[in-house]
Amino acid sequence: MYPVLIHIGPLKIYSYGVMVLLAFAAAVWWSVRSGRSRGFDADSILDAAVWVFLPAIVGARLMFVALNHADYGNLADVAKVWEGGMSFHGGLLGGVLGGVAYCWRRKASAWDLADVIAPGLAMGYAIGRVGCFLNGCCYGGVCSLPWAMRFPDLDHPGLLTPPSHPAMLYSSVAGLLMFGILAALDRRRRYAGQTFLAFLVLYCVYRFLIEFVRAGVTAKIAVDGLTQAQVASVAIAVAAVLVAVWRRGAGKVAG
């Protein structure tokens with residue numbers, strides 16, 4: 001693993017932080033490319049990106065720290081975002097709140113903006129999970145598959161795990177598949193919000209399944225054998241489906 005890409009004296013550039021920034025750049029690039037058809041020029045997308053990115057980072061970090069509070073004894077540790085440790089569900093919540101605030105302030109359609117961003121979000125997710133791989137976190141359980149890998153053991157510092165699932169690479173592939181599906185769907189959307197709601201459902205289905213590989217290893221069990229992320233994914237997927245049914249039935253035609 002390569003948690004530190006560059007080390008020059010006291011300066012360390014962490015692979016996770018670099019990949020998060022690349023993920024953000026890729027999402028913005030796609031959003032600028034596709035936003036023109038929805039009335040969002042490049043400047044509007046860049047403005048929206050700031051409103052979305054900062055709350056997303058804060059939400060992702062705070063959610064992760066809240067779920068793993070025993071591992072964080074002081075504020076200095078909480079602030080070290082570049083070393084890894086963020087919750088996608090928390091980032092999603094923060095990003096949505098930031099996007100809604102931006103659209104309210106600019107009197108723009110939040111659903112249209114969400115649709116513009118959704119495919120790029122999936123692309124960025126795929127890139128971000130490469131950061132997890134380089135960081136050596138978020139791996140899965142022991143397996144005997146030909147592509148099994150050994151990672152730094154989180155429970156036994158200084159040691160490596162037995163051959164294990166490279167779950168973060170599975171996640172990266174899933175992100176690319178979601179991007180392809182959403183990009184195709186967005187060209188045929190029937191109502192504003194369809195692409196974003198489809199992203200939520202696709203992400204939650206994928207996350208529910210991948211957690212079986214990570215459960216009890218790098219994902220904590222919450223209730224009845226399900227991990228925290230699985231419980232959250234079920235709730236979000238159900239809500240997304242209900243909202244999709246409502247919007248389609250109410251005739252919320254795409255702009």
Side-chain angles (χ1 to χ4, degrees), residues 1-6 12-35 40 42 44-65 79-99 102 113-139 166-183 186 195-196 198-200 202-204 206-207 210 214 218-219 229 232-233 236:
M1 303 301 105
Y2 299 93
V4 178
L5 286 180
I6 301 174
K12 292 182 180 180
I13 298 179
Y14 290 87
S15 55
Y16 184 83
V18 170
M19 297 311 295
V20 168
L21 290 177
L22 288 177
F24 175 69
V28 171
W29 169 79
W30 176 264
S31 300
V32 169
R33 181 178 181 275
S34 62
F40 295 100
S44 297
I45 292 296
L46 292 175
D47 287 345
V50 176
W51 283 73
V52 170
F53 181 69
L54 295 179
I57 293 295
V58 172
R61 186 58 168 178
L62 292 181
M63 179 71 78
F64 184 87
V65 171
K80 295 178 180 178
V81 177
W82 53 87
E83 294 184 5
M86 293 197 288
S87 163
F88 185 81
H89 290 103
L92 182 64
L93 175 60
V96 167
L97 292 176
Y102 167 81
L113 179 63
D115 283 343
V116 167
I117 292 174
L121 183 58
M123 181 194 298
Y125 183 81
I127 296 172
R129 282 302 187 182
V130 175
C132 293
F133 175 73
L134 295 174
N135 197 41
C137 59
C138 304
Y139 52 81
M168 59 289 267
L169 297 184
Y170 302 166
S171 297
S172 187
V173 171
L176 291 176
L177 290 174
M178 285 189 285
F179 166 72
I181 294 170
L182 293 170
D186 193 55
T195 309
F196 178 70
F199 166 76
L200 291 181
L202 287 171
Y203 174 80
C204 289
Y206 134 76
R207 189 62 186 269
I210 198 69
R214 294 180 55 196
T218 56
S233 293
I236 293 172

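- Atom CZ of Phe196 and atom CG of Leu182 lie 10.5 Å apart (nearest 0.5 Å).
- A tilted orientation is assigned to the rings of Phe88 and Tyr203, their planes being inclined by 30° to 60°.
- With sequence neighbours left out, the side-chain contact (heavy atoms from CB on, under 4.5 Å) criterion links Val32 to Val28, Arg36, Ala42, Ile45.
- Using a 4.5 Å heavy-atom threshold, the side chains of Cys204 and Ile236 count as touching.
- By the side-chain contact (heavy atoms from CB on, under 4.5 Å) test, Leu22 is found to be paired with Val18, Met19, Ile127, residues two or more places apart in sequence or in another chain being considered.
- Atom OH in Tyr170 sits 11.5 Å away from atom CZ in Phe133 (nearest 0.5 Å).
- Heavy atoms only, all atoms of each residue included: Pro55 and Gly94 are closest at CB-O, 3.2 Å.
- Of all the heavy atoms in His89 and Ser233, the pair that sits closest is NE2-OG, 3.4 Å.
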Can I get a per-line list of side-chain donor-acceptor pairs under 3.5 Å for residues 116-125, giving both atom names and the distance, sequence neighbours left out?
residue : atom : partner : partner atom : Å
Tyr125  : OH   : Arg129  : NE           : 3.0
Tyr125  : OH   : Arg129  : NH2          : 3.1
Tyr125  : OH   : Tyr206  : OH           : 2.5

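- Scanning for ring pair (Phe, Tyr, Trp, His ring centres under 6.0 Å) contacts around Tyr139 gives Phe151, with sequence neighbours left out.
- In this structure, Gly90 and Met63 approach most closely via the heavy-atom pair CA-CB, 3.7 Å.
- With sequence neighbours excluded, the residues forming a side chain to side chain donor-acceptor pair (under 3.5 Å) with Thr218 are Arg214, listed by chain and number.
- Here CG of Leu92 is found 9.5 Å from CG of Leu97. Values are rounded to the nearest 0.5 Å.
- In plain terms, the two heavy atoms of Cys137 and Met168 that are nearest each other are O-CE, 2.7 Å.
- If you take OG on Ser34 and CG on Asp186, they are separated by 6.5 Å, rounding to the nearest 0.5 Å.
- Across Asp115 and Thr195, no two heavy atoms sit closer than the pair OD1-N, 3.1 Å.
- For Tyr102, the side-chain contact (heavy atoms from CB on, under 4.5 Å) partners at least two apart in sequence or on another chain are Ser44, Asp47, Ala48, Trp51, Arg106, Leu113.
- Side chain of Ser87 to main chain of Ala60: no donor-acceptor pair is present (N/O by atom type, distance under 3.5 Å, no hydrogens or angles).
- A search for side chain to side chain donor-acceptor pair (under 3.5 Å) contacts involving Ser31 returns nothing, not counting sequence neighbours.
- The side-chain contact (heavy atoms from CB on, under 4.5 Å) test applied to Val4 returns His7, Lys12, Tyr14, not counting sequence neighbours.
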